[in-house]
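Comments concern the structure below.
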Amino acid sequence: MASPVELLSLSNPVFKSFTFWVGVLVIKMLLMSLLTGIQRFKTKTFANPEDLMSPKLKVKFDDPNVERVRRAHRNDLENILPFFAIGLLYVLTDPTAFLAINLFRAVGIARIVHTLVYAVVVVPQPSRALAFFVALGATVYMALQVIASAAF
Amino acid sequence: MASPVELLSLSNPVFKSFTFWVGVLVIKMLLMSLLTGIQRFKTKTFANPEDLMSPKLKVKFDDPNVERVRRAHRNDLENILPFFAIGLLYVLTDPTAFLAINLFRAVGIARIVHTLVYAVVVVPQPSRALAFFVALGATVYMALQVIASAAF
Amino acid sequence: MASPVELLSLSNPVFKSFTFWVGVLVIKMLLMSLLTGIQRFKTKTFANPEDLMSPKLKVKFDDPNVERVRRAHRNDLENILPFFAIGLLYVLTDPTAFLAINLFRAVGIARIVHTLVYAVVVVPQPSRALAFFVALGATVYMALQVIASAAF
């Protein structure tokens with residue numbers, strides 16, 4: 001097995017791919033805050049008294065457009081953040097490059113699709129469910145591999 | 001002090017234990033989504049119009065069984081995800097194996113118990129509070145050790 | 001470029017700074033739970049039947065003081081946790097020490113200020129927005145650098 005020196009170097013194509021997709025997904029997640037902000041201004045839905053732009057406005061928590069983006073964002077926290085942790089440990093188990101790179105790609109693309117069909121243009125089910133389960137399946141597979149490497 | 005090469009290798013029992021518990025806790029966290037899904041179907045509580053299975057249903061946000069699982073899941077995000085970050089840095093401070101392995105074990109077991117008594121079978125307090133504070137205490141201890149290693 | 005051995009060692013000032021700020025921000029985030037708890041007891045706002053201290057109380061979800069702390073905490077999950085992931089990968093790209101250390105410092109201080117003006121003493125806007133965008137900007141910059149290192 002390769003040593004951690006080689007595994008965490010950008011000359012390792014597995015680590016390079018992981019690094020790329022973490023970068024892309026971090027940007028994607030941070031954009032959710034801006035998307036929420038856009039919806040808040042569009043619908044004049046602010047959650048804090050100090051955010052109200054006019055004395056006529058009141059705090060509001062139930063705008064469906066704002067809440068939709070917030071649900072998509074929360075779904076990111078629930079799925080993308082655990083992937084960041086397990087993906088790094090998976091790289092350190094020295095997996096086959098072809099498989100590992102395609103798993104990272106699957107998670108990255110599936111989570112971008114999940115956002116698009118959930119929070120940008122609402123596409124009927126099962127599009128969101130499919131995107132969700134592709135990323136979930138890949139992450140669970142990595143977690144099982146990591147557990148297997150650590151347990152035996 | 002050992003070098004990062006040895007510290008992040010599965011031949012380091014501390015890293016091996018960390019890796020194992022991250023794997024277990026990632027699977028545990030991802031199962032929360034499925035548990036939420038089960039509760040949604042059982043109680044026909046869906047948050048998005050495109051998820052409604054029948055034209056008679058309306059979106060609903062206040063089912064207590066769904067919300068309970070969602071609170072447990074959010075509590076995981078708040079506590080397990082910071083543990084992933086600090087645990088890795090704690091491994092890199094080259095801690096005593098016995099202590100470190102038992103801290104990881106404490107976090108892992110306490111967070112599984114937390115889920116069981118919160119979202120699977122509701123057990124009266126202080127069971128959930130105890131599980132919560134065991135994991136919190138262990139994580140704070142690691143964070144303080146990490147700060148001490150970095151500050152001096 | 002230095003090898004991962006040197007990059008993830010506490011003798012690398014960039015890694016040392018990253019480690020320090022992750023430790024501080026983990027403690028800060030975990031304190032949000034205690035702050036929520038304090039507000040729950042002060043306002044007798046409990047979300048679970050098993051948490052009610054007296055048979056006269058009912059579960060409650062809309063106390064503005066509790067919800068304010070919870071929004072600040074969620075904002076931490078959305079912004080600090082992605083920083084942990086991208087910060088580590090950014091360290092592994094071997095950035096200029098001066099820039100990297102100041103970026104970590106900017107994120108750390110901005111997120112502490114964000115909490116103070118949001119959940120401790122409410123300070124009028126744009127203080128919270130400024131703190132939010134300083135940390136966001138620094139994190140986006142690191143993510144773009146990480147993507148650039150991995151893509152070329």
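Every chain is numbered from 1, with letters handed out A, B, ... down the list of sequences. Since this is a predicted model, take the numbers as computed values, not measurements.
When B/Glu67, B/Arg71, B/Gln125 are compared by the number of non-hydrogen pairs under 4.5 Å with chain C, B/Arg71 comes out ahead. The residue among C/Leu77, C/Asn48, C/Leu81 with the most heavy atom pairs within less than 4.5 Å of chain B is C/Asn48.
Note that OG of C/Ser9 is 11.0 Å distant from CG of B/Asp94, once rounded to the nearest 0.5 Å.
Using a 4.5 Å cut-off between heavy atoms, B/Tyr141 makes no contact with chain C at all. Of the atoms belonging to B/Leu89, it is side-chain heavy atoms, and not backbone ones, that fall under 4.5 Å from chain C. Contacts between C/Ala47 and chain B at a heavy-atom distance below 4.5 Å involve backbone atoms as well as side-chain atoms. Using a 4.5 Å cut-off between heavy atoms, B/Phe84 does not touch chain C at all. Contact annotation for B/Val122: only side-chain heavy atoms (C-beta onward) come within less than 4.5 Å of a heavy atom of chain C.
Here the side chains of B/Arg74 and C/Arg74 are in contact, with some heavy-atom distance below 4.5 Å. With a 4.5 Å cut-off on side-chain heavy atoms, B/Leu88 and C/Leu88 count as touching. Residues B/Pro126 and C/Glu50 fail the side-chain proximity criterion, which asks for heavy atoms closer than 4.5 Å.
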What donor-acceptor contacts under 3.5 angstrom involve side-chain atoms of residues 97-107 of chain B, with partners at least two apart or in another chain?
residue  : atom : partner  : partner atom : Å
B/Asn102 : OD1  : B/Arg105 : NH1          : 3.1
B/Asn102 : ND2  : B/Phe98  : O            : 2.9

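Heavy-atom neighbours of C/Phe61 CZ from other residues, nucleotides or ligands within 6.0 Å: above the threshold of 12. Around the NZ atom of C/Lys60, the shell of radius 6.0 Å holds more than 12 heavy atoms that belong to other residues, nucleotides or ligands.
Applying a 4.5 Å heavy-atom cutoff, the residues of residues 19-39 of chain C that approach chain B are C/Thr19, C/Phe20, C/Val22, C/Gly23, C/Val24, C/Val26, C/Ile27, C/Met29, C/Leu30, C/Ser33, C/Leu34.
The two atoms that bring B/Ala150 and C/Lys16 nearest to each other are O-CE, 2.9 Å, heavy atoms only.
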field: Intermediate values then yes/no, salt bridge (charged side-chain N to carboxylate O under 4.0 Å, His left out), B/Glu78 and C/Arg70
entry: CA-CA 11 Å; B/Glu78 293 171 358; C/Arg70 280 167 54 81; 5.1 Å; no

